[in-house]
Amino acid sequence: QAQLVESGGGLVQPGGSLRLSCAASGMTFSFYTMGWYRQAPGKQRELVATITSGGSTNYADSVKGRFTISRDNAKNTVYLQMNSLKPEDTAVYYCNAKRLRFGVNDNYWGQGTQVTVSS
């Protein structure tokens, strides 16, 4: 049974930094593209960043240059380093794992971790 567990969220001041972690289990982690998504109150879920099994990354324009996604396949963990945080970054951040096999998408989600950016 695949499971993703996020951690590292919390309260931080504008301009501060936070690192989120997502630990995966019950899956062959290295096969999956990993991603971070976020959802703020009253808004739709949006893509923050993704990283492929080969290490290729992409970012939402709103976080480019401030956030860095990385993965450690030996630890079955994906990270999101968030710097220069802004109040508009406040959201629940969700870890995602996905892959395409035989034309069918596997897609898994963590429970989310709250990030609040406020003075």
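Values reported hereafter were calculated over all heavy atoms of this structure, with side chains retained and with hydrogens, waters and symmetry mates removed.
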Can you tell me how far apart [atom1] ([X]) and [atom2] ([Y]) are? Round to the nearest 0.5 Å.
| X | Y | atom1 | atom2 | value |
| --- | --- | --- | --- | --- |
| N96 | M34 | CG | CE | 7.0 Å |
| Y32 | Y108 | OH | OH | 4.5 Å |
| Y93 | L80 | OH | CG | 7.5 Å |
| L20 | F67 | CG | CZ | 8.0 Å |
| T113 | Q111 | OG1 | CD | 7.0 Å |

Please list, chain by chain and in numerical order, all residues satisfying side chain to side chain donor-acceptor pair (under 3.5 Å) with N76, sequence neighbours excluded.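 So N76 forms no side chain to side chain donor-acceptor pair (under 3.5 Å) with any residue.
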
Qualifying residues under side chain to side chain donor-acceptor pair (under 3.5 Å), relative to K43, sequence neighbours excluded: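 K43 satisfies side chain to side chain donor-acceptor pair (under 3.5 Å) with no other residue.
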
As a quick check of understanding, evaluate side chain to side chain contact (heavy atoms under 4.5 Å, CB included) for E88 and V117, giving each step before the final call. CA-CA 8 Å; E88 49 263 47; V117 184; over 6 Å; no

Ion pair check, D61 and K64, cut-off under 4.0 Å: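 Counted as a salt bridge, because a side-chain N and a carboxylate O are separated by less than 4.0 Å.
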
Hey, any chance [X] and [Y] share a hydrophobic cluster, counting ILVMFWY side chains that come within less than 4.5 Å of each other, even indirectly?
| X | Y | answer |
| --- | --- | --- |
| V48 | L85 | yes |
| Y59 | V78 | yes |
| I69 | F31 | yes |

Do N105 and K98 have side-chain heavy atoms sitting under 4.5 Å apart?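 Counting from C-beta outward, N105 and K98 never come under 4.5 Å.
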
Do D89 and M82 come within less than 4.5 Å of each other through their side chains, counting heavy atoms only?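 When only atoms from C-beta onward are counted, M82 and D89 do not touch, as no gap falls below 4.5 Å.
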
Report the residues that fulfil salt bridge (Lys or Arg N to Asp or Glu O under 4.0 Å) with D106, sequence neighbours left out, ordered by chain and then residue number.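 R99, R101.
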
Can you sort out the partners of R71 under salt bridge (Lys or Arg N to Asp or Glu O under 4.0 Å), two or more places apart, ordered by chain and number?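 With neighbours one apart ignored, the set is empty.
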
Only pairs under 3.5 Å count here: list side-chain donor-acceptor contacts from residues 7-19, not counting sequence neighbours, and write none if there are none.
residue : atom : partner : partner atom : Å
S17     : OG   : N83     : OD1          : 2.8

Verify, without hydrogens or angle tests, whether [X] (side chain) and [Y] (backbone) share a donor-acceptor contact under 3.5 angstrom.
| X | Y | value |
| --- | --- | --- |
| T52 | T33 | no |
| Q39 | A91 | no |
| E6 | G112 | yes |

R38 and S62: CA distance, side-chain angles, deciding distance, side chain to side chain contact (heavy atoms under 4.5 Å, CB included) verdict: CA-CA 12 Å; R38 67 188 182 187; S62 60; 3.5 Å; yes

Apply the hydrophobic cluster definition, ILVMFWY joined by side-chain contacts under 4.5 Å directly or through others, and give me every member besides W109.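 Reading the cluster by chain and number, W109 sits alongside Y37, L47, V92, Y94.
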
Just to verify, which of D72, T77, N73, L4 counts as forming a side chain to side chain contact (heavy atoms under 4.5 Å, CB included) with F29?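 Between F29 and the candidates, side chain to side chain contact (heavy atoms under 4.5 Å, CB included) is satisfied uniquely by N73.
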
